[in-house]
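Below: one structure, written as structure tokens.
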Amino acid sequence: MAIRIYNTLTRQKEEFKPLREGEVRMYVCGPTVYDYPHLGHARTYIAFDVIRRYLEHKGYTVLMVMNFTDIDDKIIKRANETGEDPKELAERFLRIFLEDMKALKVKPADVYPRVTEHMDDIINFVKKLQEKGYAYEGSDGVYFEVRKFRDYGKLSKIKLEDLVKGARVEPGEGKRNPEDFALWKKAKPGEPKWESPWGEGRPGWHIECSTMSSKYLGESFDIHGGGNDLIFPHHENEIAQSEACFGHEWVHYWMHTGFLMVNGEKMSKSLGNFVTVRELLKRYNPEVIRLFVLQRHYRSPLDYSEEGIEHAKNNLERLYNTLENIRVAMKRAEISFRWDEPEFRAYEAIRDARRKFYEAMDDDFNTAEALKAVFEVSNVVNRYLTEVEKPKESILRKAWEFFKDVGEVFGLFEDYFKEQKAGNEEELINLLVEVRAQLRKEKKFDLADKIREELRKLGIQLEDTPQGTVWKRVKV
RNA sequence: GCCGGGAUAGCCUAGAGGCGAGGCGAGGGACUGCAGAUCCCUUCCACCCGGGUUCAAAUCCCGGUCCCGGCUCCA
């Protein structure tokens with residue numbers, strides 16, 4: 001079945017057809033590394049992570065590129081404030097970003113091009129624009145002449161006249177027109193600088209993405225993504241640069257994520273209403289954060305609140321419990337020599353839920369809708385287990401495999417499917433469980449409870465069921 | 001001013017002309033020595049307001065109200 005993607009360029013959902021059979025080339029705008037990433041960043045990168053995972057799950061080879069802006073005005077400014085060397089500051093926060101993303105189980109990009117590693121490519125790109133007559137050198141830098149590019153505004157739907165009228169664009173000393181933007185900034189005293197045909201300086205913000213994306217993904221590729229706030233001017237300017245340079249359409253599908261909101265306002269550094277990923281990870285399992293993000297469609301604004309995170313936590317707990325129920329039931333499951341009513345019902349329900357899951361994901365990666373199907377299976381399998389004495393292995397396996405696929409796409413249940421063996425720790429726990437069972441038989445409940453309590457503190461939860469005592473590791 | 005996005009039961013989220021969605025929370029019941037997990041039932045059938053189109057609208061159209069975002073650095 002075909003995937004449909006909402007394309008910001010056309011403002012509608014379109015059938016996804018990659019330029020090359022079986023391969024998806026995607027570029028996601030990475031961060032400017034001058035501070036700790038917050039939940040807003042996490043939201044965007046988790047969203048694109050799931051999109052990427054889903055495409056891979058569907059069998060595509062995905063070439064994923066994400067840039068690092070490791071030299072820029074903000075970095076210089078911050079470095080001046082802290083007295084740190086801009087290079088070191090950028091390096092530090094770049095590492096922190098990578099660590100945080102890893103902790104959030106965001107799959108790493110295939111290439112993380114850094115601006116400072118691509119100066120020659122960037123300079124060549126600017127040169128080409130100059131040769132083609134789209135760029136000119138001013139007193140303080142090289143600029144892109146916006147009005148020479150016919151299609152300017154096609155992504156953001158902004159008209160050039162309005163832009164100039166709005167007077168929001170800075171006139172700037174070296175510019176011919178107020179709407180022009182910098183491709184190369186000549187260095188002021190004390191600023192970091194690189195050699196170029198226009199003297200020492202550094203690249204403008206937009207040119208890096210045009211240069212580095214085409215270097216790794218070619219002069220046209222499938223998906224370019226980022227936060228909503230990048231549509232204008234960043235992505236609009238990228239289009240202008242790239243299409244002016246290449247002379248043909250550049251990116252096929254533009255995808256943008258909605259903001260993370262706090263009390264009705266965008267989470268941002270300037271408002272000071274942000275929660276860093278680190279802080280959050282101290283208090284919550286990364287999968288809780290992922291589920292929190294996935295409960296809302298990626299294009300819609302997502303409201304942050306403690307309560308919202310708690311919701312996600314409860315939801316995740318429920319899914320983990322179901323997984324645990326299946327795992328335990330597997331031990332007493334039997335081969336299906338016949339199916340009865342409950343088996344047929346469970347099978348059909350799981351089959352339908354799986355279909356719904358894929359339909360939802362195919363429809364512009366509707367994770368919120370897809371999650372409904374996940375909870376349906378959770379419910380179905382739990383009910384099945386209460387209905388039958390001896391569960392059939394094939395039914396449990398169907399549910400189990402479904403959760404495994406969901407986990408792969410959403411980046412959930414990872415520990416669960418991975419962490420099974422842990423040396424003889426398991427045997428020790430089993431021993432304690434046996435001892436406790438004996439104590440319970442003898443009605444020595446206080447001692448039995450003590451064992452349960454102490455194990456709970458160690459992260460092992462015991463549960464007494466009609467089939468005997470089972471234990472699980474508490475993940476959330 | 002110019003472009004966008006919203007308003008869904010106590011809460012969080014989907015959906016998008018007719019089978020009234022999923023989760024959380026709350027209450028009750030089953031099972032338990034207790035706890036936990038799970039299941040069943042209930043939460044008195046929700047879609048900002050006012051018009052219109054239609055046999056039928058939360059969903060389409062018109063007009064409002066309120067909220068948010070972009071137009072300047074931003075994921």
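We name chains A, B, ... by the order of the sequence lines, and we start the count at 1 in each one.
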N314(A) vs rG25(B): side-chain N/O to OP1/OP2 distance below 4.0 Å
yes
Which part of the nucleic acid does M267(A) contact within heavy-atom distance under 4.0 Å: base, sugar-phosphate only, or nothing?
base
List for me each residue that meets ring-ring contact (aromatic ring centres under 6.0 Å, His included) alongside F259(A), sequence neighbours excluded, and say none if there are none.
none
Taking the side chain as every heavy atom from C-beta outward, state whether F365(A) and M255(A) have any atom pair closer than 4.5 Å.
yes
Does anything in residues 36-52 of chain A reach RNA chain B, meaning a heavy atom under 4.0 Å, and if so which residues?
H38(A), G40(A), H41(A), T44(A), Y45(A)
Among all residues two or more places apart in sequence or in another chain, which pass the side chain to side chain contact (heavy atoms under 4.5 Å, CB included) test with N237(A)?
Y152(A), F181(A), H206(A), P233(A)
At 4.0 Å (heavy atoms only), tell me whether E307(A) reaches a base, stays on the sugar-phosphate, or touches nothing.
sugar-phosphate
W471(A): what forms a ring-ring contact (aromatic ring centres under 6.0 Å, His included) with it, not counting sequence neighbours?
none
For atom CD of E376(A) and atom C1' of rG22(B), their distance in whole Å:
8 Å
Are the aromatic rings of W400(A) and F417(A) close, with centres under 6.0 Å apart?
yes
Which listed nucleotide (rG33(B), rC11(B), rA75(B)) is nearest to the side chain of R436(A)?
rG33(B)
Test side chain to side chain contact (heavy atoms under 4.5 Å, CB included) applied to V380(A) - qualifying residues, sequence neighbours left out
A346(A), A349(A), I350(A)
Ring centres under 6.0 Å, that's the criterion: do H256(A) and H235(A) meet it?
yes
Between protein and nucleic acid, restricted to nucleotides 64-68 of chain B and to nitrogen or oxygen atoms under 3.5 Å apart, what atom pairs and distances do you find?
{"residue": "rC68(B)", "atom": "O3'", "partner": "G264(A)", "partner atom": "O", "Å": "3.2"}

Heavy-atom neighbours of K193(A) NZ exceed 12 at 6.0 Å:
no
Please give, in whole Å, the distance from rA75(B) P to L260(A) CG?
13 Å
Letter per nucleotide, 5' to 3', of nucleotides 36-42 of chain B [B base touched, S only sugar-phosphate touched, - untouched; heavy atoms, 4.0 Å]
BSSSS--
For residues 440-449 of chain A, which residue pairs pass the side-chain hydrogen bond (donor to acceptor under 3.5 Å, both in side chains) check, not counting sequence neighbours?
Q438(A)-E442(A), R440(A)-D464(A), E442(A)-K444(A), D449(A)-R452(A)
Please report the distance, rounded to the nearest Å, between CG in D449(A) and C1' in rU32(B).
12 Å
Indicate whether F445(A) forms a stack on rG33(B); treat it as stacked only if centroid distance is below 5.5 angstrom and interplanar angle below 30 degrees.
yes
Anything below 3.5 Å on both distances counts as a pair; with that, list the stems of at least three consecutive Watson-Crick or G-U pairs involving RNA chain B.
B:1-7 with B:65-71, B:10-13 with B:21-24, B:25-30 with B:38-43, B:48-52 with B:60-64
Determine whether the aromatic ring centres of residues Y143(A) and W184(A) are separated by less than 6.0 angstrom.
no
Test side chain to side chain contact (heavy atoms under 4.5 Å, CB included) applied to Y298(A) and I46(A), step by step:
CA-CA 9 Å; Y298(A) 76 88; I46(A) 289 172; over 6 Å; no
State which residues pass side chain to side chain contact (heavy atoms under 4.5 Å, CB included) with I158(A); sequence neighbours excluded, sorted by chain then number.
S156(A), L163(A), F232(A)
Considering only the C1' atoms, how many Å lie between rU13(B) and rG25(B), rounded to the nearest integer?
14 Å
Judged by atom type as modelled, is there a donor-acceptor pair below 3.5 Å linking the side chain of R299(A) to the main-chain atoms of T257(A)?
no
Is D303(A) touching bases, backbone alone, or none of the nucleic acid, heavy atoms closer than 4.0 Å?
sugar-phosphate
Under the 3.5 Å rule, do the base of rC34(B) and the side chain of R452(A) count as making a donor-acceptor pair?
yes
Quick one, E91(A) and D70(A) - any side-chain contact, counting heavy atoms below 4.5 Å?
no
If you check every side-chain atom of R440(A), which of rA14(B), rC34(B), rA75(B) has the closest atom?
rC34(B)
Kindly indicate whether the side chain of M267(A), heavy atoms from C-beta on, has any atom under 4.5 Å from the side chain of M261(A).
no
Applying ring-ring contact (aromatic ring centres under 6.0 Å, His included), name anything that partners Y45(A), two or more places apart in sequence or on another chain.
F97(A)
Tabulated below should be each protein N or O lying under 3.5 Å from an N or O of nucleotides 15-19 of chain B; please produce it.
{"residue": "rG15(B)", "atom": "OP1", "partner": "N366(A)", "partner atom": "ND2", "Å": "2.7"}

